[in-house]
Every structure is written in structure tokens, then in C-alpha cells.
Amino acid sequence: MTHRLAVAVEAPQYSGLGGLLDYLGGPLPPGSLVRAPLGRREVPGVVWDAPPADPAQAPLPDEALRPVAQVLSSLPPLSAAWRQLVAFTSAYYQRGLGEVALSVLPPELRKLDDEKLARRIAKLRKSAEKGATPDAGTAAESAETAKPAVPDAGLEPTLTEDQRAAVEAVTAGADSTFLLHGVTGSGKTEVYLQAAAHTLAQGRQALVLVPEINLTPQLEARFAERFRGRRLVSLHSGLTPAQRLKNWLLAHLGLADLVLGTRLAVFASLPRLGLIVVDEEHDPSYKQQEGARYSARDLAVYRGRLERAPVLLGSATPSLESWQRAQQGRYKRLDLAQRIGGGVLPEVRLVDMSLLPRTHGVTTALSPQLVDALRERLALGEQSLLFLNRRGYAPVLHCTECGWKSGCPHCSAWRVFHRSDRTLRCHHCGFTERVPRACPQCGNLDLQPLGRGTERLEEQIAEALPGARVARIDADTTRAAGALQERLAAVHAGEVDVLVGTQMIAKGHDFRRITLVAAVNPDSALFASDFRAPERLFALLMQAAGRAGRDASQAARSQMWLQTWHPTHPLYAALRRHDFERFAASQLAERESAGLPPYTHLALLRAEARTVEAATAFLEDAAARAGEFTEAAEVLIYPAVPPPVARVADVERMQMLLEAASRGALQRLLWQWMPVLYELRAAHKGLIRWAVDVDPLAI
DNA sequence: AGCACGCCGACT
DNA sequence: GTCGGCGTGCTC
């Protein structure tokens, strides 16, 4: 007997394929993984709950349906909660159901047939019975050596009063969302550990999200150490396909107790989910920028409610969205007021760069005061960290004669001068050329770098501090596998006196011997057009400051230096007092008066085309058609504008902002609008692609 | 998005 | 004479 199956197949949202397609087969429970014929090919899909009959649309007769080609019956079906999370993501971010479902499952899953999968699963189940498995793939396993299952408690340090209160609140609150606000070093991780211990003790699984792959190893090590005998797996895109499948299966089969991962891990299948932790919840990395542009933090909150699991959002500088929700009482705020061990936050010093004497019109990157301070730390045998969010030697090369600048021929951006290999590189499209011997425009031999990046800063430090051991950490020096860990190890081992780097070094790393952190040129973000720029700058500088004085014995002497031309700027004033609350209050007031999130809800329609005209024409047509809908009255559609870098790799980009006071109105408009946009695409030949970004980070 | 079919230019 | 350019159309 054949049954009708509603299947979410992997196909983009065009022409109605984004929803559910009917097949014959089964009977199969919803959540089963299948392969289904689609045209002349075969695509993976997930059996979905049968939708209610649509009276407006007659269903296809059975004769018109094709049977599913394969069933991966050895895989336990994906749960109703997982399907609900995927369905919500699909609807909210306007992407096909099957597209979302398959994009968050391990890619390896589509390659295996049922027999091979059954063998893998049997193997995992068997090794789980025996205890630890010796083969590679997770840090838990390396930390698991020889340890039998021991109780998770017993290794707990004594908690501060704040920590204890936080742990109590989380373990008592069944399905609330908590905002754990605590400066660097205030012991947020210990709260995560204790909350997770409580979850595990109840026989449930804990999911821990971190913003970057770089940060997984150290948090993984702490969890692995605390939870010996428990199985901890990581999920992120840095794993090999086989590791990712294995770890995903361990979570899905309920064999892993702890899952630690980046944003994609929010979709991990967890049959016994009991806690979600989102570390550094403000971090922009939680927003996916391709495909379904979801926010893993927002989805974590949704999932927590859905599965009645507490959600713990942690940050020293929470996103204004989360902060406002905490103020409204929708999230419960938990504060960790002090650094552990009574350590104080570094003293913040502002250097007024406008007071420096100008030497032949060129300002130096380093003020004499900062150089003196670095020299002092060097003499004391202490480490310093210099932070400059710009890699390369100089952001642009220019001709002193005719004014030529090293623009990228394919992008509306400058090519960056990299001195180490004497190249000009476009950081947007990757276009790289050797530095020309002479100006390509006038033949002048004197080409000069303008501004500075980490390479040049490293050079200047070496000149200013002869004998100092200088190391640089940025995307260029850490490209090779293991290079980052190697360099970090050198810093930890005390083999480095001054560390120079981009924001890579501002995040998370636990440097014990750094007593001075300096932001060399933070002003650039101060007047950026992006409305979130101040929030990001404040978070980054707070985070960078947190790298100093992590060892309590040195904390009192630790300093954060800021070189600025705007020493009276309120952002720096708040930073000086480490006063996030005041900063957040002033930012929220600005957002409210400007009609920006979290007081309004935004979406962007982006278009990419060969010409600006084609991209603009599509957006203008789209805006005109949106006027047909009643919701349009509640949604403000702004004129199309170019993004900050309008052309990338010879593709012109334009975007159009939608703003609504209500999330519902915005969603309703998008729902009506999407079919129109698909239709419109055909009429605009020059258009390469378009996408909707709900809750965009930058506009 | 794939992957077909389908009708016009330079090649073994 | 074919190989192949990508325009248009379909996929339960």
C-alpha cells in the first residue's frame, strides 16, 4: 500500500519548489530522510508533517506523483521540535524549507546510502556502550583518556555570590531566557559549566554556542576537563566531513551530552536538549551572511522556548537588542559585577593625537607616550598587545606626483599594499598584483604607502623598541594550518614581548602576562555610516581591554591605551569608566529617536547585477509592486542605495531598506512580496541575483 | 538551482 | 558536416 508523503526537498525557493512536494512511499514517520526524484535528478529531502488540505488548490492525483527513490531508514527521524525550528527559520528568513533543512544537516549525510549509514550508526552505538572511543575527531576524546565516568561535580571552584545567584536562577528557571552580563574575567564560563552540570545531572543535553571556530578549542578544553567521562562533541565548518557527520550523529542519537559549536550548531539535532548557552551573544558572527541569513542567537532563544530549555546569553557588552529585552523583563538579567579574585579592570588612558607635533605632515602611528609605556613594560618583562583592525602594510599606495591610488579594477575599493610579498591585494575580490615599479599613470618612481596596517605597525614597533620580540597575528600570518595556535603558544610561553594584531586577538584568548593593551587607531569606526558601528567598537574595545590583566596579581597595573583624535567622544568616556550601562542607555536613546532597531524592525532587499542601472531597476520595480499590498502602509520602503562597497568582482550591488514598527507587518509584507520578486526576476535581464536579509546587521 | 531541449557560429 | 554557445522551461 502506497502512502502520500509531504517531502521538503533540497531545491531553492523558485516556482513553488520551496515548500512541500508530494511523493508516494511509506508509510514513513515525519522527520525521515529520503532521496526523491525531481525532474531528471535525485535530491535529498526530509519527510514533513502533512500540511492541512488547501481548499484553493486541488491536490495532484496519485497518478501524477512519483515514489521516493530511497529511504535512510536507519537514521532515527528528526524530531518535531527540530522540524519546527527549521520551519520557523524557513518562514522567518524567507528561504525554502528543504533548502534550510538540508543546509543544516551534515553534508556527508547526502552521500551515504542506508546500508553504509546503518553501519556507521551501529559502530557509534557500540563504542558508546564500551565507553570512550579511541579514534580522533573530538577534543573530548583526547581529554577522555583513561577516565571512567565520574560525577561531574567535585572539580567546582568556590563561586562568588553573583555566580551562585546566576547558577541558581538558570537551574531554577525552566524555559526562560537569561542575559548573563559580566566583564571579562568575571567568571561567565564557570556559570556555563555549572548550568551545564545541572542539565547533565538531569539526563539532558547541553548546547554551547561560540562565535568563532578559533574560540572552540579553549572552551572545549575547559568543558572536557570539567566533564570527564561525558561525551563532548564540537560542530563547526572547520571539521572534516567525516568528523562533522560523526559528531552530528552522536548528538542526534543522544550519545553526546554536550555539543559545542559555531552558529550552525544551533540546528544540531538533540533529543534531550536541556540548556542552550550563547557565549559572546553580541558577536556579529552569529548572523549568517549567505543563503538563509539567520541569527543563531535569535534562533537559540526561539529554540529554547520551543523545547522548554533555558537559554543563557552571555556577554560583557550585550547586543542592544538583548539589553532592551532584559530591561523590558522579557529576559532575566544576571549580573556578574566583579572580576574573579578581586581583579580590577585595566585603567583606560586616552592619548589626544591632535596634540602631537606633526613631523613633515605625516602623523606617526605611535605616540611618544605609548612608546614610552611599551618600553616600560618591556623593561619589566611584561607583555603588551597592540590592536589595529587593518591587515597589510598600508591600506592604499599612492603616487606623490600625479595622485594615482591603488584602486582595484574590479571593485570600488582600494587594493592594500602588502610589503612582505610586495603585492597589491584587494581584500574584497582577492585580485592580486605585484607592486608596480613605477606609477602606472605617470611613470613616477616614488610610490608611497598611505595609512597603516598591522604589517607596518609591526615594523614601526621593531624600530621604536630595538631588541623587543614582536609577533603579529592576523589573517595573513595565520593562514597555514596550526599557525594561529603556534603563535598563541609562543605568546603564552613568554617568547613574545609585543603582540600586534587585528581583531582576531581581541577576542577570547586568555593571555596571562599581558598588562598593556593599546588600540592604535580606533577612531575610524567612530564615524562610520553603519548605525551599529559604535556598538561594535565599544564591544571590541571592551573585549580588547579584557585581554589585559587577566592575572589578578597584575590587574592593578594593567592599562588600556586609546590613541584618538576625539578624546571627548562619549563612547570613550563610557569606556573609561567601563560603563556599558551608560553607553547602552545613550545608544538606545539614539536608536529610539532615529527609529532604528530594537525599536523598529528592518529587512534589506539586495540586488546584484552587471550594471548599477539593472540592479536599481529591479529594486524600484519591486518597491512599486510592494505598494499593491495593504501591509505596505505599515512598512516604510526606502530608496535603493549602494552598500559601502558597491562593486565587488565586477558585480554592482544595490540595496533597499524596509522598516516597520511591527515584526508581524514586515513578515506579512515579505510573504506577499516574495512570489512577486521571483516573477520580477525574469523581467530583469541584467540581474545576477537578489536576496532578502531579515534583521540585517549592517544597512 | 540543475538539467534538459533548442536553434545559430568556428572547428577536428 | 559536428561541437557548443547560453536562452527558456520544467521539476511533486
Side-chain angles (χ1 to χ4, degrees), chain A residues 1-72 78 83 86-87 89-91 93-107 109-111 288-294 605-611 614-615 617-618 621 649-651 653 674-693:
Chain A
M1 158 162 183
T2 49
H3 294 251
R4 218 169 234 270
L5 298 172
V7 181
V9 294
E10 186 181 48
Q13 202 165 19
Y14 307 109
S15 322
L17 293 184
L20 294 166
L21 299 185
D22 291 325
Y23 287 88
L24 298 177
L28 284 177
S32 302
L33 211 62
V34 297
R35 258 186 275 277
L38 184 68
R40 252 152 259 251
R41 64 211 164 102
E42 203 175 283
V43 291
V46 178
V47 175
W48 222 259
D49 314 74
D54 181 359
Q57 190 110 48
L60 287 172
D62 276 8
E63 305 83 74
L65 303 185
R66 301 167 72 181
V68 291
Q70 268 184 75
V71 181
L72 296 179
L78 294 150
R83 297 197 303 277
V86 167
T89 306
S90 157
Y93 295 103
Q94 308 289 334
R95 303 294 292 207
L97 186 58
E99 183 199 352
V100 173
L102 272 300
S103 71
V104 302
L105 289 171
L109 213 47
R110 76 193 58 210
K111 291 197 197 145
Q288 170 102 17
Q289 297 292 359
E290 297 271 276
R293 298 165 123 91
Y294 62 84
L605 179 61
R606 305 177 192 274
E608 296 183 4
R610 284 281 159 229
T611 63
F618 170 76
D621 264 12
D650 293 317
V651 172
R653 307 183 303 175
M674 292 305 268
V676 174
L677 295 177
Y678 294 125
E679 192 186 303
L680 227 45
R681 185 188 62 146
H684 289 266
K685 295 291 167 218
L687 191 70
I688 297 169
R689 64 176 145 249
W690 62 271
V692 169
D693 188 346

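Below, read A as the first sequence line, B as the second, and so on, with proteins coming before strands; counting in each chain starts at 1. All of these numbers come straight from a predicted model, not from anything done at the bench.
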Compare side-chain N and O positions of A/Arg40 against OP1 and OP2 of B/dA4 and report whether any pair is under 4.0 Å apart.
no
Mind calculating the distance between CZ (A/Arg110) and C1' (B/dG2) to the nearest angstrom?
14 Å
From OH of A/Tyr678 over to C1' of C/dG9, roughly how many Å is that when rounded to an integer?
18 Å
Pairs touching residues 24-51 of chain A that satisfy salt bridge (Lys or Arg N to Asp or Glu O under 4.0 Å), sequence neighbours left out:
A/Asp49-A/Arg83
Between A/Tyr678 and A/Trp690, how do the two ring planes meet: parallel, tilted or perpendicular, split at 30° and 60°?
tilted
Give one of base, sugar-phosphate or nothing for A/Arg41, where a contact means two heavy atoms less than 4.0 Å apart.
base
Given atom CD of A/Glu10 and atom P of C/dC12, what is their separation to the nearest angstrom?
15 Å
If you look at every strand shown and take non-hydrogen atoms under 4.0 Å, does A/Leu60 touch a base, only sugar-phosphate, or nothing?
base
Quick one: A/Glu290 CD to B/dA1 C1', roughly how many Å, whole number?
15 Å
Just the rounded figure in Å: distance from P of B/dG2 to CD of A/Glu42.
15 Å
Within this structure, what is the CG-to-C1' distance between A/Leu21 and C/dC12, rounded to whole angstrom?
5 Å
List for me each residue that meets side-chain hydrogen bond (donor to acceptor under 3.5 Å, both in side chains) alongside A/Gln94, sequence neighbours excluded, and say none if there are none.
none
Separation of C/dT11 atom C1' from A/Leu65 atom CG, nearest Å, is 13 Å
Measure the distance from CD on A/Glu99 to C1' on B/dA1 and round it to the nearest whole Å.
9 Å
Output yes when a side-chain donor or acceptor of A/Tyr23 lies under 3.5 Å from a complementary backbone atom of A/Val47, and no otherwise.
no
